[in-house]
Amino acid sequence: MHIVVIGNGVAGNSAADGALRNPDTRVTLIEGDVAPYYSACVLPDYVSGDIPRERVVLEDPGRASERFERRRGNRVSAIDPSKKEVLFAEGSPVSFDRLILATGSVSLVPPVQGANLPGNFTLKTLDDATRIRQWSFESAVVIGSGLIGIEAAIALRKLGRKVTLIEAMDRIGPRILDPVMAERAQQTLEVQGIDIGVDESVVEVHGVDKVETVKTDKRNLKADLVVWATGMKPESTLAGDAGITLGANHGIMVDASMQTSAQGVYAVGDVAEYPDPLFSEDRLNLFWYFGVGQGRVAGMNAAGLKSEFPPTLQMGTAHLFDTPLAFVGYTETELFERGLTPETKDTGNGKRFFHQVFLDGRLVGIQMIHPNREEILWRNRVLKMVLDKPAKPWGFTIPLFKRGWQGNHDGRNT
Amino acid sequence: MTKMIVTNPEVCTGCRVCETVCSLVHFGECNPARARIRVMRWELQGIDIPVTCLQCQEAPCEDSCPTHAIHRNPETGAMETRKELCIQCHMCALACPFGATLVSPEGEVLRCDLCGGDPECVKLCEKKAIQYLPPTQLATSKMRHAAKKFFPDL
């Protein structure tokens, strides 16, 4: 069986791994760029110089075989699910038995005047990171304070430059942090010298032949470098053109086996829109481990091995200089916006702080700041979430372990 | 099949020899903060439960690692971290459903490596609350344990 994977990101490579588990399959991985397989998550560490380029690029020694082929530098122009063919701009089409789309996402830059001047960057690809490293600058403005924005600001600050972080909403990390946590995270960043402006939106980027100032609705900022971290858009054009059903967020709709509306075509990673574990709607999940898990599941299903991707929560860590920050699950704000009434519990003192979000008495989200890197407390809380269904960060439990934890101690339950 | 570490909380006394020997073997110091196995204690109920890595088949730590630093040792079946690739993002610690991935005070990731196939904590556990068994024996030993409950005198 011939399985074609489009996309050389983590989801695509994981899908190839999954498909190769069946010894009867042959896999072709197609990538339009010539870039190697690299880890997009560690790009901020590469920008700050914490890790060299060799460690951004990921090796895959186990996969080189006669059953696996890589095609780089030839862009796919269209896919035809009915004829089972992948068409290229140049060269002859490739036919497939099963197709896995792992085309990922692209950075979204709002249509602000001057956003195309030299000195404007995004931080999504290895190419972006390399160009930021080569650009000489004294002061930088990072626009958008999601996880990428925060990490980009930290990376640039580690280089010793003046950094300003601009956020249009009322707090930093609006999708991942609640106000109490965002305030603490903001203090942590400000202590390290990052200037943060919330409730502030960019009006215009000025400059003659490169970026010179950034004009917001509150002030003018001098800047030699602008990083746009204003969001991502799934790259679902190929699927849309082929008539595959897209979701409300322009991702490709998939079922639990990662199959799209077209038979034999699967979508994984950033481009796939997957059902939310708590609410009856689909959401995009732009996280590394979604790509790994979904890729493997799609690859196995394409190769004829049955597998399902369990409902999974968003989860992440970031290091605000020396302060680890972690989040799992839903934020209080998001639940409020859905018209629900979550309860919260804040614990901690001084530097250490936990913010838990409960819905109907069940823990559905947690955000944590912990300076000691002693993560026993993290794990107990995450563990509790695993056992106090319905929200599970990973959709399985091991019966032996569950029995141990839930007691059977002659009524002396823990 | 590779052997696996099995804990039996019902006989654990909470002596924490396992923690001590774990840090001694791996770091040359008796420091439970660097141990890869931890005994969780509930003082009021008088319960002690040893927790360590279960070496999951489809391991969340491996999936969540953005640098592919975590891989399975084919000989022992242990999930091992390649130090030179680890960027200490601690996603594996967060992803672990059992909290069995720990972090040392320096930020280094600690996960049971089965001591290369000969776990020291098992040897020193006086009450056999930690055992290292092949999965085939595991089912039998659990069954035996359950059956014993019918006859407490055995």
Side-chain angles (χ1 to χ4, degrees), chain A residues 10 13-14 39-42 45 50-51 55-56 58-60 62 287-293 295-296 307 315-319 322 324 326-328 368 372-383 385-387 392-394 396-398 400-401 403-405 407-410 412-414, chain B residues 4 6-10 12 33 38 40-42 44-51 54 56-69 71 84-110 138-139 142 145-146 149 152:
Chain A
V10 56
N13 278 281
S14 175
S39 174
C41 298
V42 302
D45 299 289
D50 282 349
I51 61 173
R55 281 174 62 184
V56 181
L58 300 171
E59 50 180 328
D60 48 349
F287 287 94
W288 176 268
Y289 55 92
F290 279 92
V292 178
R296 185 174 54 228
S307 183
M315 160 173 92
T317 61
H319 286 270
D322 291 332
F327 58 91
V328 183
M368 311 166 254
N372 300 331
R373 292 181 171 162
E374 241 308 336
E375 291 171 0
I376 285 186
L377 286 171
W378 294 17
R379 75 181 193 179
N380 274 357
R381 281 165 173 76
V382 177
L383 180 74
M385 191 153 108
V386 180
L387 298 179
K392 295 193 261 186
W394 300 93
F396 70 95
T397 46
I398 292 182
L400 170 80
F401 187 81
R403 175 178 158 268
W405 274 89
N408 284 358
H409 292 278
D410 307 313
R412 297 176 302 165
N413 262 332
T414 48
Chain B
M4 58 190 285
V6 186
T7 58
N8 184 359
E10 292 176 34
C12 177
R38 299 277 168 99
M40 296 284 110
R41 170 169 286 176
W42 277 258
L44 292 177
Q45 290 90 346
I47 291 171
D48 293 282
I49 305 177
V51 184
L54 295 168
C56 306
Q57 271 304 316
E58 308 240 302
C61 53
E62 187 183 14
D63 285 1
S64 64
C65 179
T67 55
H68 292 338
H71 66 120
E84 71 276 13
L85 292 181
C86 177
I87 55 161
Q88 303 191 348
C89 70
H90 302 162
M91 267 307 280
C92 50
L94 189 64
C96 180
F98 312 113
T101 293
L102 296 157
V103 178
S104 80
E106 287 76 42
E108 188 187 329
V109 171
L110 306 175
L138 166 66
K142 264 182 89 180
H145 195 78
K149 286 187 182 164

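So that the names make sense, note that chain A is the first sequence line, chain B the second, and so on, each numbered from 1. What you are looking at is a predicted structure, and each value in this text was computed from that prediction instead of being measured.
Residue contact with chain A, scored on non-hydrogen atoms closer than 4.5 Å, is absent for B/Cys61. There is no contact between B/Glu62 and chain A, counting heavy-atom distances below 4.5 Å.
In this pair, A/Trp288 and B/His68 present their aromatic rings tilted. The plane angle is within the 30 to 60° band.
In this structure, the side chain of B/Ser64 does not engage the main chain of A/Tyr289 through any donor-acceptor pair within 3.5 Å. With hydrogens and angles disregarded, no donor-acceptor distance shorter than 3.5 Å links the side chain of B/His90 to the backbone of A/Ala326.
Nearest heavy atoms, B/Met91 versus A/Gly316: SD-CA, 3.6 Å. Counting all heavy atoms, side chain and backbone alike, A/Arg55 lies closest to B/Leu85 at NH2-O, 3.6 Å. In plain terms, the two heavy atoms of B/Thr67 and A/Leu58 that are nearest each other are O-CD2, 3.4 Å.
Atoms CZ and CD, on A/Arg296 and B/Glu58 in that order, are 4.0 Å from each other to the nearest 0.5 Å.
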Derivation of the side chain to side chain contact (heavy atoms under 4.5 Å, CB included) call for B/Leu94 and A/Met368: CA-CA 11 Å; B/Leu94 189 64; A/Met368 311 166 254; 3.8 Å; yes
